[in-house]
Protein chains: 2
Amino acid sequence: MINSNFCIILLFENESMSNCIKDISHTSAFSHLTNTETNILERNKTTITYKKNEYIIKQGTFANNILFIKKGLAKLFIEGNQKRIILTIKMADNFLGLSSLYYDKKLYLYSASVLEDCEIDLYDKQAFKHVLSQNVDFANEMIKFLNHNSARIYSRLLCVTEKNARGKVADMILCLANNIFGCFEFTIPLSRQELAEFAGLSMENTIRILKEFENDKLIKLKGKDFKIINPEMLERISEYG
Amino acid sequence: MINSNFCIILLFENESMSNCIKDISHTSAFSHLTNTETNILERNKTTITYKKNEYIIKQGTFANNILFIKKGLAKLFIEGNQKRIILTIKMADNFLGLSSLYYDKKLYLYSASVLEDCEIDLYDKQAFKHVLSQNVDFANEMIKFLNHNSARIYSRLLCVTEKNARGKVADMILCLANNIFGCFEFTIPLSRQELAEFAGLSMENTIRILKEFENDKLIKLKGKDFKIINPEMLERISEYG
DNA sequence: CTATAATATTGATTTAAATCAATAAAAATT
DNA sequence: AATTTTTATTGATTTAAATCAATATTATAG
């Protein structure tokens with residue numbers, strides 16, 4: 001189940017590349033804990049494995065856990081009345097559900113499900129909050145992660161409102177390359193429908209635009225195997241074209 | 001300059017009303033500070049008055065301050081290459097710029113400008129962070145505010161992607177009534193262009209839909225004076241109509 | 001109190017993207 | 001391996017919303 005494609009073309013550390021914001025590792029937070037605090041968390045933790053397509057978090061349910069992805073790949077998405085929108089793809093070493101930490105309605109704000117089999121630590125929220133209320137460095141790390149997430153959502157909101165369909169698809173491809181896979185050649189564990197939900201378009205339109213990009217020799221596409229040939233041009237399309 | 005309209009029709013505390021999330025007062029945070037900490041903040045504070053249309057925060061500039069609105073009304077917006085989107089309207093007793101607190105790029109993620117003359121406390125970010133790194137209750141309050149904000153942005157993102165134009169306008173009107181003015185009759189300090197940026201539509205379309213709503217006796221509209229006549233129907237339109 | 005500029009409104013037209021419909025390909029099941 | 005089901009693709013059509021254009025109203029400046 002694990003994605004085994006090689007990364008043939010390396011990426012430069014180019015900040016300006018697409019509007020999508022790169023994830024940061026959340027493991028750093030744990031280094032701020034004392035032994036006692038680590039023990040508290042350990043004692044209030046269960047590790048669960050989730051299989052492909054299983055729900056990890058269901059939007060609107062009571063947020064009783066803070067989750068930490070140890071292995072695998074998950075998609076985060078918002079479910080509306082008639083549509084869904086994929087917020088981002090989360091990989092190992094990332095917390096899930098942080099934004100429900102102190103949100104007064106105590107509900108998960110988004111759903112998460114498995115793309116590649118996951119191993120996830122579930123921390124009891126009360127215990128987590130207890131540690132948080134004792135350790136200011138830990139709390140500050142959480143603020144950092146939350147803000148990083150905010151930055152992503154803001155740029156997402158802008159993307160959705162101002163880009164045209166081609167721009168959205170180009171942006172999505174660059175986002176996957178730069179920030180999820182860190183590589184110009186990848187196999188994506190998403191269906192066409194899910195790609196559409198990620199781009200915020202209809203499936204048919206998404207497919208059509210992908211074909212267009214292929215015809216224009218910007219990408220190579222075979223099923224779920226992507227290869228980016230002309231990232232500069234994609235970049236240009238992304239910022240309106 | 002201060003909005004002096006009366007609130008003739010009171011609102012019920014109805015959670016389900018529109019997707020827009022009501023602001024919470026941020027003053028509570030200060031009660032967690034010790035005298036020393038309060039002094040640190042006071043010594044690193046300037047109070048500035050801003051006049052109508054002035055920029056308070058400019059997106060992309062270095063985030064050197066954490067701001068607190070003491071008086072007035074401000075709009076928060078994201079500026080893209082070709083469009084802007086108004087995120088929300090912020091009133092007194094609210095922090096601005098919290099999401100740049102620990103964001104590693106150290107830039108403001110959005111812009112803010114004045115709708116009704118503002119009196120704003122500017123705290124030096126370093127001093128603010130210093131207090132934050134000492135006082136865990138204060139830090140936890142910040143997490144609460146940030147999460148509240150995340151909840152709003154998520155619901156905004158969903159609104160923008162899944163609602164049609166009428167739904168967006170209905171949602172905006174309900175949001176203004178329920179969460180900004182807390183009242184079914186209000187005078188809105190926004191131009192038609194700004195209303196359009198709030199709804200995420202073109203100005204012409206926004207105006208047309210407002211007229212439609214007026215013809216259908218859902219609202220009464222005279223320049224910038226709004227009166228909501230049929231909130232239930234607006235509610236229904238908001239969730240797809 | 002005009003003149004000028006800015007904002008708002010209305011109508012006609014265009015266009016981009018969604019939807020609908022048919023078919024093809026792939027995956028899963030027997 | 002054959003059948004069924006699901007997913008993907010392509011083309012035709014519709015539609016909602018943007019754009020363009022003209023005019024009206026309101027605000028601002030002289």
Item checked: Heavy atoms of other groups near A:Lys51 NZ, more than 12 under 6.0 Å ->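 At most 12 heavy atoms, drawn from other residues, nucleotides or ligands, come within 6.0 Å of this atom.
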
Notebook entry, point to check: Base, backbone or nothing for each nucleotide of nucleotides 5-10 of chain D, written B, S, -, heavy atoms under 4.0 angstrom, 5' to 3'?
Noted result: ---SBB

Return the value, rounded to whole Å, for the distance between atom [atom1] of [X] and atom [atom2] of [N].
| X | N | atom1 | atom2 | value |
| --- | --- | --- | --- | --- |
| A:Lys168 | C:dA18 | NZ | C1' | 12 Å |
| B:Asp225 | D:dT26 | CG | P | 12 Å |
| B:Glu162 | D:dA16 | CD | C1' | 17 Å |
| B:Glu197 | D:dA18 | CD | C1' | 15 Å |
| B:Glu212 | D:dA17 | CD | C1' | 12 Å |
| B:Leu195 | C:dT9 | CG | C1' | 14 Å |
| B:Asn164 | D:dA17 | CG | C1' | 10 Å |

Check: How are the rings of A:Tyr154 and B:Tyr110 set to each other: parallel, tilted or perpendicular (split at 30° and 60°)?
Finding: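 Taking B:Tyr110 first and then A:Tyr154, their aromatic rings stand perpendicular (interplane angle over 60°).
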
Next item on the list: Would you check, one step at a time, whether the test side chain to side chain contact (heavy atoms under 4.5 Å, CB included) holds for B:Ile89 with B:Leu190?
Entry: CA-CA 10 Å; B:Ile89 292 173; B:Leu190 294 174; 3.9 Å; yes

Checklist line | side chain to side chain contact (heavy atoms under 4.5 Å, CB included) partner of B:Ile69, the single match among B:Val114, B:Asp93, B:Leu96 | finding: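 Exactly one candidate clears the test, B:Leu96.
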
Next item on the list: Without swapping roles, check the side chain of B:Ser99 against the backbone of A:Asn147 for a donor-acceptor pair under 3.5 Å.
Entry: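 Pair absent, no side-chain N/O of B:Ser99 close to backbone of A:Asn147.
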
Notebook entry, point to check: Looking just at side-chain N and O atoms, do A:Asp225 and A:Thr187 make a donor-acceptor pair shorter than 3.5 Å?
Noted result: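 Side chains of A:Asp225 and A:Thr187: pair found under 3.5 Å.
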
